[in-house]
Amino acid sequence: MTVKLHWFLPTNGDSRADLSLGNAVGAAGSRVQGDSGDRSPDIGYIGQIARSAEQLGFDAALTPTSSWCEDGWVMGAALSQVTERFRFLIAFRPGLTSPTLAAHMAATFQRVSGGRLLLNVVTGGDDSEQRRFGDHLSKEERYQRCGEFLHIVRELWSGESVTFRGRHYSIDEARIIPAERWPELYFGGSSPAALEVAAAEADVYLTWGEPPAAVAEKLRRVGEIAAAGGRELRYGIRLHVISRDTAEEAWAQADKLLAGLSEEQIARSQQIQRASGSEGQRRMTALHDGRTDSLEISPNLWAGVGLVRGGAGTALVGSHEQVADRIAEYHEIGIDEFILSGYPHLEEAYQVGEGVMPVLRRRGLMPDPVSDLTPLEV
């Protein structure tokens, strides 16, 4: 089986140096301001990234969710009109809207985009961010609600009338206008409750970029739970990337990004991260523990981003050949989909598209780009 490479749309802004962009942990998020010298997340710039990623051969792009980002549904629907084949992995929080409305929105998105929606279900691991949206459930309650939500959505996608009675939802004779093709559900999380929901409802289980042995163990656990329920999952990983013609160039760029972080900024970010109730965030923070002297935690896997960015905090760093080696290594343990990003996202998409992808194609890990010219199945 070949791998799929996806990209990332920085809908809270982009930068050559600010690694904190994309953080959604804690009460103080991060967003580009118009006079900062960085790149605001206007439709023109984000559209430029999406069109470039499509032309380079990326399959889809993740749009994040937080109160500091532009809304992923709206941004993705707009960008579907200026792209042709590119798919949009929309991150959304199931507790912030009704399951019937979410299923209805997905059906509409599929019709206006030609079937190019994917959904990244984010239960919500940060209490302060959830309260900002009026959600005061505990972490365990959020996962219970998420399970009910996804069950209802899948039932609605079957085209049948749905009546449901649960702890969090009471639905009477719900129906939606069916789409010809329903989006696949991507789901991440490291806690036992997250693994249970993922095993029961997800199509693709996502993990953040931990060393391969830790990722393999996580895949084994969620796979066993899924198999016990008669299901089989696919697997994806979320990573940043710094890929260059030579390893020396790549590590020089990583060192440059690290040099731009102050001790005060790191300490403040680490305090916020450690207060998070997310098990995935705990695992990310433990990879570096706030230290800057031992950040290559596995060959070509750098934990520097996580010093100031909550959420995905590791990057593949190396030559194009080395980055391809690491992708192949993760693929060998079961990862088929790679959601990548880099600072800034426009230029780094070209580093991967023109540097790493040709290596993967030569090794038979990605299809020849000619196959991208076939019509989209709808």
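It should be emphasised that the depicted structure is a prediction, and the values quoted were computed from it without experimental measurement.
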Does a side-chain N-to-carboxylate-O contact under 4.0 Å join [X] and [Y]?
X      : Y      : result
Arg291 : Asp289 : no
Arg111 : Glu180 : no
Asp135 : Arg145 : yes
Glu141 : Arg167 : yes
Arg116 : Asp59  : no
Arg142 : Asp127 : yes
Arg363 : Glu321 : yes
Lys218 : Glu210 : yes
Glu54  : Arg51  : no
Arg31  : Glu70  : yes

Check: [X]/[Y] side-chain N/O donor and acceptor closer than 3.5 Å:
X      : Y      : value
Gln273 : Ser276 : no
Glu129 : Ser67  : yes
Arg175 : Thr100 : no
Tyr186 : Glu337 : yes
Gln48  : Ser52  : no
Glu155 : Ser158 : no
Ser20  : Arg309 : no

Just by modelled atom types, is the [Y] backbone N or O under 3.5 Å from a matching donor or acceptor in the [X] side chain?
X      : Y      : answer
Gln351 : Arg244 : no
Gln110 : Leu117 : yes
Ser170 : Gly166 : no
Tyr343 : Leu19  : yes
Glu184 : Leu119 : no
Tyr169 : Ile152 : no
His331 : Val3   : no
Asn120 : Ile90  : no
Glu249 : Thr246 : yes
Glu263 : Ala267 : no

Report task. Evaluate the criterion side-chain contact (heavy atoms from CB on, under 4.5 Å) for residue pair Ile335 and Leu219; output intermediate values, then yes/no. Result -> CA-CA 9 Å; Ile335 299 291; Leu219 301 194; 3.8 Å; yes

Nearest 0.5 Å please: distance from the [atom1] atom of [X] over to the [atom2] atom of [Y].
X      : Y      : atom1 : atom2 : value
Ile171 : Arg165 : CD1   : CZ    : 8.5 Å
Ser243 : Arg326 : OG    : CZ    : 12.0 Å
Phe338 : Leu206 : CZ    : CG    : 11.5 Å
Leu118 : Asp203 : CG    : CG    : 9.5 Å

Other residues, nucleotides and ligands only: do more than 12 of their heavy atoms fall within 6.0 Å of [atom1] on [X]?
X      : atom1 : answer
Glu217 : CD    : yes
His168 : NE2   : yes
Arg274 : CZ    : yes
Gln81  : CD    : yes

Cluster overlap [X] with [Y], hydrophobic side-chain contacts below 4.5 Å:
X      : Y      : answer
Val323 : Leu360 : yes
Leu156 : Val197 : yes
Leu9   : Tyr45  : yes
Val121 : Leu62  : no
Leu185 : Val162 : yes

Show the nearest heavy-atom pair for residues [X] and [Y], with the distance to one decimal.
X      : Y      : answer
Gly209 : Thr314 : O-OG1, 2.7 Å
Arg181 : Gly115 : NH1-O, 3.9 Å
Ile333 : Ala216 : CD1-N, 3.9 Å
Ala194 : Phe187 : O-CE2, 3.5 Å
Gln270 : Leu307 : NE2-O, 2.9 Å
His288 : Gly306 : NE2-O, 3.3 Å

Hey, can you tell me if [X] and [Y] have their rings parallel, tilted or perpendicular (30° and 60° cut-offs)?
X      : Y      : result
Tyr205 : Tyr235 : perpendicular
His151 : Phe164 : tilted
Phe58  : Trp7   : tilted
Phe92  : Phe149 : tilted

Is any side-chain heavy atom of [X] less than 4.5 Å from a side-chain heavy atom of [Y]?
X      : Y      : result
Glu201 : Cys146 : no
Ser66  : Arg93  : yes
Ser15  : Val32  : no
Pro94  : Val153 : no
Ile242 : Leu316 : no
Thr292 : Leu261 : no
Trp302 : His240 : no
Cys69  : Thr65  : no

Report task. Kindly indicate, with the supporting measurements, whether the criterion side-chain contact (heavy atoms from CB on, under 4.5 Å) is fulfilled by Glu224 and Arg220. Result -> CA-CA 6 Å; Glu224 288 180 352; Arg220 183 193 64 78; 2.8 Å; yes

Report task. Test Gln281 against Thr285 for side chain to side chain donor-acceptor pair (under 3.5 Å), laying out the working first. Result -> CA-CA 6 Å; Gln281 183 60 66; Thr285 303; 3.1 Å; yes

Query - Ring centres under 6.0 angstrom apart (His345, Phe8) - result: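 Aromatic pair counts; centres sit under 6.0 Å.
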
